[in-house]
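Data first, discussion second: the structure below is written as structure tokens.
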Amino acid sequence: MIAAIATLGGMAFILAVGLGIASRIFAVETDPKITTITGLLPGANCGGCGYAGCSGFATALVAGEAAPLECKASGADAIQEISKVLGVVYVPKEKTIARVFCQGSLDKAKVRYRYQGIEDCNAAMLLGGGAKACVYGCLGMGSCVKACPFGAISMGPEGLPRIDESSCTGCGACARKCPKGVIELIPARQMWYISCNSHHKGKAVRQVCEVGCIACGLCVRNCPEQAITLDNNRAVIDPEKCSGCGICAEKCPQKVIHSRSEDREVVALSKG
């Protein structure tokens, strides 16, 4: 009995020594910059940089295969610190925020059938593109809410996502998850945006939604800065030209042009 225990103990000691030696021989040295930069990144692993996670992005930065600004979720302070670690010139980035380009709520947009499947927009898309009669409209399953790593999105009682600007980092995880392309990132300095994603002509829009953009062009003709154009029946605001006067919103018969200040009031009210 004693001999057996001694034998097993001896074998365990030899194996432990062998593993210790092997770990030293085959050890992979990690650049300390990678560890430092990983600690500076938000840790959301949102995928906005195109890498699987923050550690992968940090490795790419140190290897010179990525740039600090590619992390959409990092704030200006973090980008500045990462630039110092890398020894590169700090370049401030323009903050972007997510916006919902649809206001086809449950009482405004028509539906073709009652969906009773999995609460996921991509799953709903499999049934003929979703229940909404407007093929460009928000499906309201909340996939963007689940994708947001910062808790910046919630579903409103009207069946549309609401974005809390104070929590949105502009990482774009919600936009990538939305199968309809309803969520887009806009510059934080852009106060007005057109909350419709439809490319249908006016008559077709009226048949499926009470509040869709009908591409009438009134906003285009009345904008004093020529900041609005029609792109495939969809009005688009050029943030470089927009002065924020709001004349376009006053002229819009469908009231699809919204200001972010109005959105902030809605979110504040929903929080109580």
Side-chain angles (χ1 to χ4, degrees), residues 20 22-101 143-154 161-178 181 183-193 227 237-244 259-261 263-264 267-268 271:
S23 66
R24 289 180 175 275
I25 294 175
F26 298 106
V28 177
E29 295 293 335
T30 301
D31 191 323
K33 289 182 180 178
I34 296 175
T35 304
T36 303
I37 292 174
T38 301
L40 292 170
L41 292 170
N45 298 317
C46 61
C49 58
Y51 294 87
C54 291
S55 61
F57 180 58
T59 302
L61 284 172
V62 173
E65 298 171 352
L69 287 178
E70 292 176 38
C71 176
K72 307 299 183 186
S74 287
D77 292 343
I79 297 295
Q80 190 168 15
E81 290 302 314
I82 291 170
S83 299
K84 287 181 182 177
V85 174
L86 294 172
V88 299
V89 176
Y90 166 64
V91 179
K93 71 173 182 178
E94 181 174 26
K95 179 177 173 56
T96 57
I97 56 172
R99 274 289 162 269
V100 179
F101 283 68
S143 294
C144 54
V145 177
K146 299 168 189 170
C148 178
F150 302 100
I153 310 180
S154 60
R162 292 178 176 178
I163 296 174
D164 182 357
E165 281 191 21
S166 63
S167 300
C168 178
T169 65
C171 71
C174 55
R176 291 190 294 278
K177 189 66 176 179
C178 176
I183 299 181
E184 296 182 18
L185 299 179
I186 65 172
R189 58 186 163 83
Q190 181 178 336
M191 291 307 299
W192 294 90
Y193 68 100
I237 295 176
D238 183 347
E240 301 299 328
K241 296 181 178 179
C242 178
S243 64
S259 74
R260 285 174 37 225
S261 59
D263 296 342
R264 285 195 288 265
V267 171
K271 286 183 174 180

Practice item. Supply the atom-to-atom distance Trp192 CH2 to Ser261 OG, rounded to the nearest 0.5 angstrom. Key: 6.5 Å
Point to revise | Nearest heavy-atom neighbours spanning Ile153 and Cys174 | key: CD1-CB, 3.4 Å
Exercise for review: Please name all residues satisfying side-chain contact (heavy atoms from CB on, under 4.5 Å) with Cys71, sequence neighbours left out, ordered by chain then number.
Suggested key: Leu41, Pro42, Phe57, Ala73, Ser74
Practice item. Dump the intermediate steps for side chain to side chain contact (heavy atoms under 4.5 Å, CB included) on Lys84 and Tyr90, then the final yes or no. Key: CA-CA 8 Å; Lys84 287 181 182 177; Tyr90 166 64; over 6 Å; no
**Study point:** Main-chain N/O of Ala227 paired to Asp238 side chain as donor or acceptor, under 3.5 Å
**Key:** no
Check your understanding: Got a donor-acceptor contact below 3.5 angstrom from the Arg189 side chain to the Glu94 backbone?
Key -> no
**Study point:** Reported CG-to-CZ distance for the pair Leu185 and Arg176, which is rounded to 0.5 angstrom
**Key:** 8.5 Å
Exercise for review: Check Ile37 against Val62 and note the closest heavy-atom contact, atom names and distance.
Suggested key: CD1-CG2, 3.9 Å
Review point. What closest approach, in Å, do Ile34 and Thr38 show between heavy atoms, and which atom pair accounts for it?
Key: O-OG1, 2.7 Å
Review point. Can you name the residues that form a salt bridge (charged side-chain N to carboxylate O under 4.0 Å, His left out) with Glu65, not counting sequence neighbours?
Key: none
Point to revise | Whether Arg260 side chain and Ala188 backbone form a donor-acceptor pair below 3.5 Å | key: yes
Check your understanding: Is Tyr51 close to Leu61 at the side-chain level, that is, under 4.5 Å between some pair of heavy atoms?
Key -> no
Exercise for review: Please tell me if the side chains of Glu165 and Arg99 come closer than 4.5 Å, counting only heavy atoms from C-beta onward.
Suggested key: yes
**Study point:** Residues forming a side-chain contact (heavy atoms from CB on, under 4.5 Å) with Cys168, sequence neighbours excluded
**Key:** Ile97, Ala98, Ala152, Ile163
**Study point:** side-chain hydrogen bond (donor to acceptor under 3.5 Å, both in side chains) partners for Glu184, two or more places apart
**Key:** Arg234
**Study point:** Phe150: partners by ring-ring contact (aromatic ring centres under 6.0 Å, His included), with sequence neighbours left out
**Key:** none
Study note, to complete from the structure: Residue pairs meeting salt bridge (Lys or Arg N to Asp or Glu O under 4.0 Å), one or both in residues 66-77, sequence neighbours left out, come to none
Exercise for review: Taking the side chain as every heavy atom from C-beta outward, state whether Lys177 and Lys146 have any atom pair closer than 4.5 Å.
Suggested key: no
